[in-house]
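Read the structure below first, then the notes.
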Amino acid sequence: MASNQPLVSGSATPKTQTSNVDRPKKRRVRRVRSAPLAHFAPTDANGDDDALLRSKSIFGRLNPTLKKVALSLTVIVYMGLGTICFYTIRNQIKGKKTNAILDALYFCVVTMTTVGYGDLVPNSNLAKLLACAFVFTGMALIGLILAKAADYLVEKQEKLLFRALHMYKKDGEIEVLKEVEHNRVKYKFYTTSILLVVLVVTGTIFVYKVEKLDLVDAFYCVCSTITTLGYGDISFPSKGGRVFAVFWILTGTICVAKFFLYVAEVNTENRQRALVKWVLSRRTTSLDLEAADLDNDGVVGAAEFVLFKLKEMGKICQQDISVIMEEFEELDLDQSGTLTVSDIALAQSVETRSS
């Protein structure tokens, strides 16, 4: 019976809405397809929920420019505090030393990135406890703050990379944004790969020239550093090398972490797109229509069919649908099966009175 019914019973016009009156009220999903979209954001007058969402972030109440400043200040404060602490107990740290302040900053960077060459090591209980504290806070800092900064830099290069790959095509700004958004993960992977190659080549040349190592040892030092292996047999013993290492180690270790993250994301995205392609290319059967008929009335509407396909693609699950339908039921106070501006106003007034 279900296979003989039309797949889509018509467009959501006012006439269709009128004819729906004779149908059972339980057919909520068919009527949801004509609900208007929200084209506005909450205003300050009724923006308590929006303010609550913004407050969930540490820097949620700041505008984007101030957020970047706050993130930068956090990193500077952490590095400055670490340098002061390790400079204060410099006599409790043994190893190859150059300049006291530089060594303290270098030790702070090597600790927070978990490289740990072993050329400088804590030699007292106090120094060991400080190292333990800074390694955990440093890892958290890299994960929460410096990773965001790396994302920001990568995203800034996406459009430039797209234009470089399509330099002979005359695409406008909108087309560029659409292409970058559609292939965001792929372009992030390409950008991070290029940055990683640049960092490896730069580090290898610097170690080869400044630390006077042969090319194999220089490349070995670079790889063991940015992957945070830090064997300790080769490091940055010179003053110039440690100045370079302070900036290069931070950038290199974060870039490697982002590279492997984007490798995993590209693989996941490719699998998702392959699943979507399979779902859209296969033939719809009567069993599919039976599964898509959410209200069991023998007819599959456009909304039901879309929901069924999205579930097949793995983009939504039944729990997502249930939560959304619960919200719909709460807003649909007159039980008409549709939402209007008056329904929203009525629901807001009821919520205001109850609170």
Side-chain angles (χ1 to χ4, degrees), residues 1-13 16-17 19-42 49-50 52-54 56-57 181-186 261 264-344 346-348 350-351 354:
M1 177 65 182
S3 61
N4 295 327
Q5 300 296 335
L7 187 61
V8 179
S9 57
S11 59
T13 62
T16 304
Q17 292 294 330
S19 63
N20 284 342
V21 174
D22 297 329
R23 291 178 180 155
K25 284 188 177 181
K26 66 178 182 178
R27 187 149 183 81
R28 295 291 175 85
V29 179
R30 286 175 59 81
R31 293 172 178 171
V32 170
R33 62 184 177 178
S34 62
L37 296 175
H39 294 289
F40 58 88
D49 293 336
D50 186 52
L52 179 61
L53 291 175
R54 290 196 306 269
K56 290 181 179 179
S57 173
E181 184 64 30
H182 181 67
N183 297 290
R184 178 170 294 276
V185 176
K186 183 176 70 173
L261 173 64
E265 288 188 359
V266 167
N267 181 56
T268 302
E269 187 178 76
N270 289 337
R271 292 173 60 185
Q272 179 65 34
R273 288 184 177 180
L275 176 61
V276 170
K277 184 178 180 181
W278 176 80
V279 169
L280 295 178
S281 61
R282 76 179 187 86
R283 291 181 177 273
T284 302
T285 65
S286 58
L287 293 177
D288 294 328
L289 292 183
E290 183 178 350
D293 188 11
L294 299 179
D295 52 13
N296 298 317
D297 66 346
V299 178
V300 176
E304 289 175 312
F305 189 71
V306 170
L307 288 175
F308 173 70
K309 286 295 184 180
L310 289 175
K311 287 171 65 177
E312 273 196 318
M313 295 174 187
K315 294 183 179 295
I316 60 173
C317 63
Q318 186 59 44
Q319 184 178 2
D320 298 328
I321 299 174
S322 301
V323 172
I324 295 172
M325 289 306 299
E326 287 178 6
E327 181 182 359
F328 182 87
E329 296 286 347
E330 293 176 359
L331 294 174
D332 186 21
L333 296 178
D334 59 1
Q335 300 295 312
S336 64
T338 59
L339 291 180
T340 62
V341 176
S342 60
D343 290 328
I344 303 299
L346 180 60
Q348 290 178 346
V350 170
E351 182 180 357
S354 62

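- Between V300 and A292, the closest heavy-atom pair is CG1-CB, 4.0 Å.
- When the side-chain contact (heavy atoms from CB on, under 4.5 Å) test is applied to S342, the partners found at least two apart in sequence or on another chain are T340.
- Taking CD of Q335 as the reference point, atom CG of D343 lies at 10.0 Å (rounded to 0.5 Å).
- Side chain of Q272 to main chain of M313: a donor-acceptor pair is present (N/O by atom type, distance under 3.5 Å, no hydrogens or angles).
- Between the CZ atom of F328 and the CD1 atom of I321 there is a distance of 14.0 Å, given to the nearest 0.5 Å.
- Residue pairs that meet the side-chain hydrogen bond (donor to acceptor under 3.5 Å, both in side chains) test with at least one member in residues 312-325, sequence neighbours left out, are R282-E312, K311-Q318.
- For the atom pair CG of L339 and CG of L331, the computed distance is 5.5 Å after rounding to the nearest 0.5 Å.
- One N or O on the side chain of D332 and one on the backbone of S336 form a donor-acceptor pair closer than 3.5 Å.
- Atom-to-atom distance recorded for L289:CG and T284:OG1 is 6.5 Å, nearest 0.5 angstrom.
- With D293 contributing its side chain and D297 its backbone, the two residues share a donor-acceptor pair below 3.5 Å.
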